[in-house]
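Predicted model, so just to flag it, every value in this text is computed and none were measured.
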Amino acid sequence: MKNTALALVGLCALLIGCSPKTDSGPDQAIPIVAVEPITILASPPSGADFGPVGTAFQLDAKQHTLQMLALCQTLADSVEAFLATPEVSQQQAAQASFRLCYQSWTANQLFFQLAFNPADKKTLQPLLDLIDTRPFLPGYIDSIPDYPYSGLIFEMDLPINEATLLSQHRLMDEDSAALGFPVVEFFLWRQPLDTTWHSTGDIAADSLIERRHQYLRTATGMLLADLGAVSNRWQAGGGFGGLPHRVQLVAVLASLQRITAVALLDDLFNEQALTEPEWHHPAMYSGQGRAYPLALLTAVQGWVGLPESTTAFAQWLDSRADRPMTAADLQTAVADSLSAVQELPENYPADSAADGQWATARQRISALALAFGQLSEQQQVPIFSQ
């Protein structure tokens, strides 16, 4: 966490066109954003009870995480069908299922930004690290053109099972993903089918192909189990629902602010996302990168509301005489951000440039992040800037 005033100054600088530092690169991977337990500062200014908003937030989390799990179960089923019959149609079906599952996971990031308490952090952070570690090194998983014999697939002394993959996950550094969405994505886009997934009759080649089958099957099963475990935080009766309303307020505002300022502005709309898209792209192999910032913004809009609509959060905000903005102002800022991002190339940040469309999208997301920062500051909620 940064000092509130400094964080807001930084966001204001983006609005007037200042550029962030661009001194990182492949040798300085984007760090995993740590999940922090909810921190309580002073009591908020007087106003409407946040209880109905917290109840709505928990209900949304329950519903959306269950929908995500259904989509990801379809992914698991599609992977099994592909491994049983590794043909083009089955691979394409599994790829389509992956995109739906992963985009749903992205949209649900709103519900996994903060731990409910220190004990929750001990289980939440490891699960998040297992589910999605990006950027990642594909050569750590299997062969790539420049390194034809690299990766765990070629470590013949290592059995492919849950224990081995857990022990190898991020063993070398934060980029060395052995599990999670990156692994499933990488394998599902592997070509050609004949030499990668089909038995050839050659003993040495077939042993690698069998390991590849086992790896994809095991990683997919573990991913589904981890998604279920992390979602269970919202299905149980305790957890968020048992927190005081003030703590729920902190969790909701900090999560909204963190999504816009960190996940969107600092990562996906950092200038380096254009110069080094392989280190910022949310799904470099499966593509359709624009869908991921759209998923994040759509999740925020589902909570804040469409322009001229009413949500529990919008009602709470407009009930406060001391609010720094109206619900309509916030709804317009979200809608403007969505509209601007929609104009970007389908595979953003790949195939993208620092043109007028990108500058507009970045400025509108900056304005949205600033708005949530101002609201958090007014409510004395910790602010995240990176």
query: Hey, is the main chain of A178 close enough, under 3.5 Å, to the side chain of Y215 for a donor-acceptor pair?
result: yes

- request: Please check if the distance between the ring centroids of Y348 and F269 is under 6.0 Å.
  value: yes

- prompt: Going by atom types only, do D60 and H64 share a side-chain donor-acceptor pair under 3.5 Å?
  reply: no

- prompt: Are any side-chain N or O atoms of D206 and backbone N or O atoms of G201, one a donor and one an acceptor, separated by less than 3.5 Å?
  reply: yes

task: Could you walk me through whether E185 and R134 pass the salt bridge (Lys or Arg N to Asp or Glu O under 4.0 Å) test, one step at a time?
output: CA-CA 12 Å; E185 176 190 2; R134 292 180 188 268; 2.7 Å; yes

task: Indicate yes or no for a side-chain donor-acceptor contact from N232 to the backbone of G228 under 3.5 Å, with no hydrogens or angles considered.
output: yes

- request: For the pair D120 and K122, find out whether any cationic side-chain nitrogen is under 4.0 Å from an anionic carboxylate oxygen.
  value: no

- prompt: Looking at F116 versus W234, is the centre-to-centre ring distance below 6.0 Å?
  reply: yes

field: Given F57, F112, F111, the one that forms ring pair (Phe, Tyr, Trp, His ring centres under 6.0 Å) with F240
entry: F57

Minimum side-chain heavy-atom gap L264-Y292 below 4.5 Å: no

statement: Test ring pair (Phe, Tyr, Trp, His ring centres under 6.0 Å), reference Y285, set W189, Y102, F186, F181, output is F186

message: So that I can tick it off, tell me whether E155 and R211 are bridged by a salt bridge, with the cut-off set at under 4.0 angstrom between side-chain N and carboxylate O.
response: no

Backbone N/O of P52 and side chain of D49: donor-acceptor pair under 3.5 Å: no

query: When you check the side-chain N and O atoms of E308 and Q331, is any donor under 3.5 Å from an acceptor?
result: no

query: Within the distance-only criterion (no hydrogens, no angle test), does the side chain of T196 pair as donor or acceptor with the backbone N or O of P192 below 3.5 angstrom?
result: yes

F98 vs T74 side-chain heavy atoms within contact, under 4.5 Å: no

message: Hydrophobic clusters here meaning ILVMFWY residues chained together by side-chain heavy-atom distances under 4.5 Å, can you tell me if I365 and L110 are in one?
response: yes

- prompt: Looking only at heavy atoms, what is the nearest atom pair of S97 and S78, with distance?
  reply: OG-OG, 2.9 Å

